[in-house]
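First up is the structure itself, then whatever we jot down about it.
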Amino acid sequence: MKEKTKIKSVAVLCSGGDSPGMNCAIRAVVRTAVANDLDVYGIQRGYAGLLEGNVKKMDASSVGNILQHGGTILQTSRCPEFHEEEIRKEAAHILKRKGIDALVVIGGNGSFNGAWSLHEEHGVSVVGIPGTIDNDIEGTDYSIGFDTAVQTAVEAVDKIRDTAHSHDRTFIVEVMGRKSPAIALHVGLCTGAENIILPTTEDIDFDQIVSDIKRGISRGKGSSIIIAAEGEKEGLSHRIKEVLKDKYSIDSHTCILGHIQRGGNPTAHDRFLASQMGYIAVASLINGEVATVAAQRNGKVLSVPFKECLGKKFDTDPQFIDIVKTLSI
Ligand code: F6P
């Protein structure tokens, strides 16, 4: 790495929903900083912890034996107050008072927007590391935790398929994603789901769902799996179950996978990604950059302008949906 250090210290925090692999990213940030003679601090519980001054010095040993564990040793939080400019001003003051020159934020869209405002309004040097199981951050192909969440959900649906097949049953499996279709699409394709319902689907085409179920039955297939992204309104899978019963006399079962998708040991893919992102994040600060994201593009982790990663990605490639439909006939 080049010797162009302009900063002397860096702090790292996790923000928003946790995601498996965050610990790998923390480890990579801390060790890269230590290796380059920077002081490194961990901020507990995200922006909320920063506002409380919950900041601790870290060293190489602080991050020993953590990379394989889910969750985050720094803990995380959602901090709605950070939408207020006055609050961000206070956060910038705290960083200054503690002698912290730059902030690494591991999180999703809301967290990135908070970091960007901190930079724009108060000149704080910031680096984002994409960390959300939703994989919905613009400007990066993947975010840390998505692969693990998909793997966890796929393993669960495989088990549901076993029993669904044994009993000739239809299951509605609800996966995470209030606004993001990514988990539902990947899990749907990887489990041979007969139908996928996305967070944007306003009018569910029940006639189509039922016709798909009946077509399967007519060729001897007994089980059917509908993957539904949870969406913004709680209870989606139960509403689908009711309509299938009341309007079409089809019995079905529901299963909400919920927060198990956010926990567990990160997959090798997430560890691989998070370790590189943590390293690149600190390297970009050492190279004098002041507002970047360690993103993955075309298989490579690189430093990109923060501004390119502020939007929300809602990727529903029609070809992808067509593949799911074609393969599950
Ligand atoms: O972190 C992303 C996510 O897990 C979404 O998939 C989900 O909709 C949301 O967070 C749930 O958030 P919470 O745990 O705060 O209810």
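Order of appearance sets the numbers: ligands from 1, and atoms from 1 within every ligand.
- Met176 CE to Ile260 CD1: the interatomic distance, rounded to the nearest 0.5 Å, is 10.0 Å.
- In this structure, Gly177 has a heavy atom closer than 4.0 Å to ligand 1.
- The protein atom (non-hydrogen) at minimum distance from atom 14 (O) of ligand 1 is His259 NE2, 2.7 Å.
- Remark: minimum distance from atom 15 (O) of ligand 1 to any protein heavy atom is reached at Arg78 NE, 2.9 Å.
- An N or O contact shorter than 3.5 Å links Arg262 to ligand 1 by distance.
- Side chain of Tyr41 to main chain of Ser9: no donor-acceptor pair is present (N/O by atom type, distance under 3.5 Å, no hydrogens or angles).
- Of the listed residues (Glu232, Glu230, Met176), the one carrying the non-hydrogen atom nearest atom 8 (O) of ligand 1 is Glu230.
- With ligand atoms numbered from 1 in the order given, ligand 1 contributes 2 (C), 3 (C), 5 (C), 6 (O) to contacts under 4.0 Å with heavy atoms of Asp134.
- Taking CG of Leu257 as the start and CD1 of Ile227 as the end, the distance is 7.5 Å to the nearest 0.5 Å.
- Atoms of ligand 1 lying under 4.0 Å from at least one heavy atom of Ile133, given by number and element, are 4 (O).
- Counted by atom type alone, Thr292 and Ser284 present one or more donor-acceptor pairs between their side chains at under 3.5 Å.
- In this structure, a donor-acceptor pair under 3.5 Å is present between the side chains of Asn195 and Lys325.
- Atoms of ligand 1 lying under 4.0 Å from any heavy atom of Gly17, numbered from 1 in the order shown and given with element: 1 (O).
- Side-chain contact between Ile321 and Leu198: present, with at least one pair of heavy atoms (C-beta onward) separated by less than 4.5 Å.
- Taking 4.5 Å as the limit, every side-chain heavy atom of Tyr279 sits out of range of all side-chain heavy atoms of Val29.
- The shortest N or O to N or O distance between Asp18 and ligand 1 is not below 3.5 Å.
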